[in-house]
Amino acid sequence: MSPPRHILKLSLEEQRQFIDSFDLVISDCDGVVWLLVGWIPNTGAAVNALKAAGKQIKFVSNNSFRSEEGYMEMFRHIGAKNVQEDDIVHPVKTIVRYLKKHKPGQRVFSLMSLEANETLRKHNIEFESLQVKEHLTAASLVDHLAIEKPVGAVLFDIHLDLSYVELAKAIRHLQENDDCQLIAGGSDVIMPLAANLNVAGFFDFLEHVKRYTQREATFLGKPSPILGEMFGEMFEIRDCKRCIFIGDTLVQDVQFGKACGFQSLLVLSGCLTKEDMLNAPVEAQPDYYADSLADFTQLLENIQK
Ligand SMILES: [Mg+2]
């Protein structure tokens, strides 16, 4: 396998062939289109240029703690035109899709953000959640852990307000009901919060739940193969090779895209450097790389000359 090539270092003819090699772009959001906190210059123009060149573009994120309206506001801010809510996929949406198919009508316990819970509400998924603001004592903890109704699933995702009592209640639900499924969004171990600020992800909190319940989780965020299958249905993908996956991480994006049979492109605008990419095992490296999504604007200009 040859090392990844920078899309602007391809010859003009190769740039043309590259653009002609895909119809559908699936792009990660944080680290590619914007940062969790902060912006990446000229990405909106690149989205518009890809669309003007006849490409379909869809967005996927492991971040459900931004509301639908929050996503739309971000796309408006960067000037990306005609992005619809259905063009954006993130874990709570795939969780809703999964629940409707596999657990129809069942009540669930949510260890997810308020924004994610709002999406459950919008889709008429009955859920229990626990936000305890008062000081806890052993006695009040016992009260909070009482199970009034069993649930069909515990839902786990990034939840910045996560507390001990919520974890303890989730464990109780799983211990009390053998049919209660543990369903998780992303499995990210690092959360790139802002430029030069990477913090621990929520993966170890999920490990805590798994350890006390001996239960495995069903993942529905990147890089889960179940998500790859859902893409096939949602975006009516007929030929995986005509799809390119763009991301800023190797495991959640490049490896995931490759496992789906897509072409892969790593952008260096997120948490990885060119050295990180080249130091990875060859099979973990992308087909292509770029400094930023904005490089597509330059490439499309080059081939139109
Ligand atoms: Mg990312």
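First listed ligand is number 1; within each ligand, the first listed atom is number 1.
When all heavy atoms of L99 and A153 are compared, the pair lying nearest together is CD2-CB, 4.3 Å.
For F59 and F75, the distance between ring centers is under 6.0 angstrom.
For residues 117-163, no residue pair satisfies the ring-ring contact (aromatic ring centres under 6.0 Å, His included) rule, not counting sequence neighbours. Every pair passing ring-ring contact (aromatic ring centres under 6.0 Å, His included) that includes a residue from residues 209-242 is listed here, sequence neighbours excluded: H208-Y212, F231-F235, F231-F256.
D295 and S292 share no side-chain donor-acceptor pair at under 3.5 Å.
Around the Mg ion (ligand 1), protein atoms of type N, O or S found under 2.8 Å number 3.
Every residue meeting the side-chain hydrogen bond (donor to acceptor under 3.5 Å, both in side chains) condition with D87, not counting sequence neighbours, appears here in chain and number order: K58.
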